[in-house]
Amino acid sequence: MERIEFFYDPCCPFCWITSRFLLEVSAERDVDVTWRPFSLAMKNNELAGDDDAVNEHGEMHRSSHRVLRVITKAAEQHGASVIDLYSAFGRRFHLDHQKYDDAMIADVLADAGLPAELAKAADDTSLDEGLQASIDSAVEAVGDDTGVPTIVFVSDDSQRRGFYGPVLQELPSQDDALRLWDSLVGLVSVSAFYELKRTRPEGMPDTASTKGL
């Protein structure tokens, strides 16, 4: 079995596609995924909103941060499934193009059978310490120059090796997804390896390719 930690921010379309890739792979490979929050608003120091004039993504990142607080509280207090909540929020945002707002939070909680008062967690800053600790854990394994998606492989002796990526323009076919996964597993076993990179295609990733996952 491969044990991995997947760090996600609900608003990132690249992260969304990679998360669906992992779900597709997990159905065919023995993979144990721990889904961990990675707030882009915290990583980029955007919570205060001071740089909104020059940062077009700040408002979106903060709305996503509120969702991460709710998911964290629901998991900690009620044992809710992180991946199920991430998927429920993500489908509405990436596929249905709804905003991460109070109405969506209430809708997701209701559909999940969770208490409506959990919506208050969206503005509960006491949860930010734990969210920062999760970012720190990713950075410890990968380095400060990372964002999402980030995958950390955890060995049997608890050693952690992580990478930023894989970054996907669209959800690959199942055969391609399995080939990509098997290649990643091979790369992580080579201690000298640390990066592969090429210029990203123009335009946004095809999140519609993830329908059904």
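Bear in mind the structure is a predicted one, so any value in this text is a computation, not a measurement.
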- Counting only N and O atoms by type, is there a donor-acceptor contact under 3.5 Å from the side chain of S134 to the main-chain atoms of P37? yes
- Item | Note: D107-R92 ion pair, threshold 4.0 Å (strictly below) | yes
- Item | same_hphob_cluster(M1, V185) at 4.5 Å side-chain heavy-atom cutoff | no
- Message: For the backbone of S126 and the side chain of D124, can you confirm whether one donor and one acceptor N or O come within less than 3.5 Å of each other?
- Response: yes
- Item | Which atom of A74 lies closest to which atom of L114, heavy atoms considered | CB-CD1, 4.1 Å
- Task: Would you please say whether a donor-acceptor pair under 3.5 Å links the side chains of R69 and T125?
- Result: no
- Message: Looking at D145, I'd like to know if its CG atom is crowded, meaning that more than 12 non-hydrogen atoms belonging to other residues, nucleotides or ligands lie closer than 6.0 Å.
- Response: no
- Heavy-atom side-chain contact between V70 and Y100 under 4.5 Å: no
- Test item: side-chain donor near acceptor, S155 and D157, under 3.5 Å: yes
- Query: Is there a side-chain contact between L131 and M42 (heavy atoms, below 4.5 Å)?
  - Reply: yes
- Is it true that K43 and D144 make a salt bridge, defined as a side-chain N closer than 4.0 Å to a carboxylate O? yes
- Task: May I ask you to test the E5-R160 pair for a side-chain heavy-atom distance under 4.5 Å?
- Result: yes
- How far apart are the closest heavy atoms of L109 and A116, and which atoms are they? CD1-O, 4.1 Å
- For I105 and A122, work out which heavy atoms get closest and say how close. CD1-CB, 4.0 Å
- Item | Sole candidate of F93, F21, F89, Y86 that passes ring-ring contact (aromatic ring centres under 6.0 Å, His included) when paired with W16 | Y86
- Close side-chain approach of F153 and S189, heavy atoms under 4.5 Å: no
- Message: When you compare the side chains of Q132 and D128, does any donor N or O come within less than 3.5 Å of an acceptor on the partner?
- Response: no
- Query: Do the side chain of T210 and the main chain of L213 share a donor and acceptor less than 3.5 angstrom apart?
  - Reply: no
- Are L68 and P10 side-chain neighbours, meaning at least one heavy-atom pair lies under 4.5 Å? yes
- Do L23 and I4 belong together in a cluster built from hydrophobic side chains that touch within less than 4.5 Å? yes
- Taking side chain as C-beta onward, heavy atoms only, is P115 less than 4.5 Å from Q77? no
- Item | Donor-acceptor contact below 3.5 Å, side chain S26 vs main chain L22 | yes
- Message: With a 4.5 Å cut-off on side-chain heavy atoms, are Y164 and P149 touching?
- Response: yes
- Query: Quick one: does S209's side chain have a donor or acceptor within less than 3.5 Å of a partner on L171's backbone?
  - Reply: yes
- Query: At what distance, to the nearest 0.5 angstrom, does OG of S173 lie from CZ of R179?
  - Reply: 6.5 Å
- Query: Any chance CG of D96 has more than 12 other-residue heavy atoms, nucleotides or ligands included, within less than 6.0 Å?
  - Reply: yes
- Could you tell me whether R66 and D123 make a salt bridge, using a distance below 4.0 angstrom between a side-chain N and a carboxylate O? yes
- Item | Side-chain touch V67/M104, heavy atoms, less than 4.5 angstrom | no
- Query: Is V108 reachable from L118 through a run of I, L, V, M, F, W or Y residues, each pair having side-chain heavy atoms under 4.5 Å apart?
  - Reply: yes
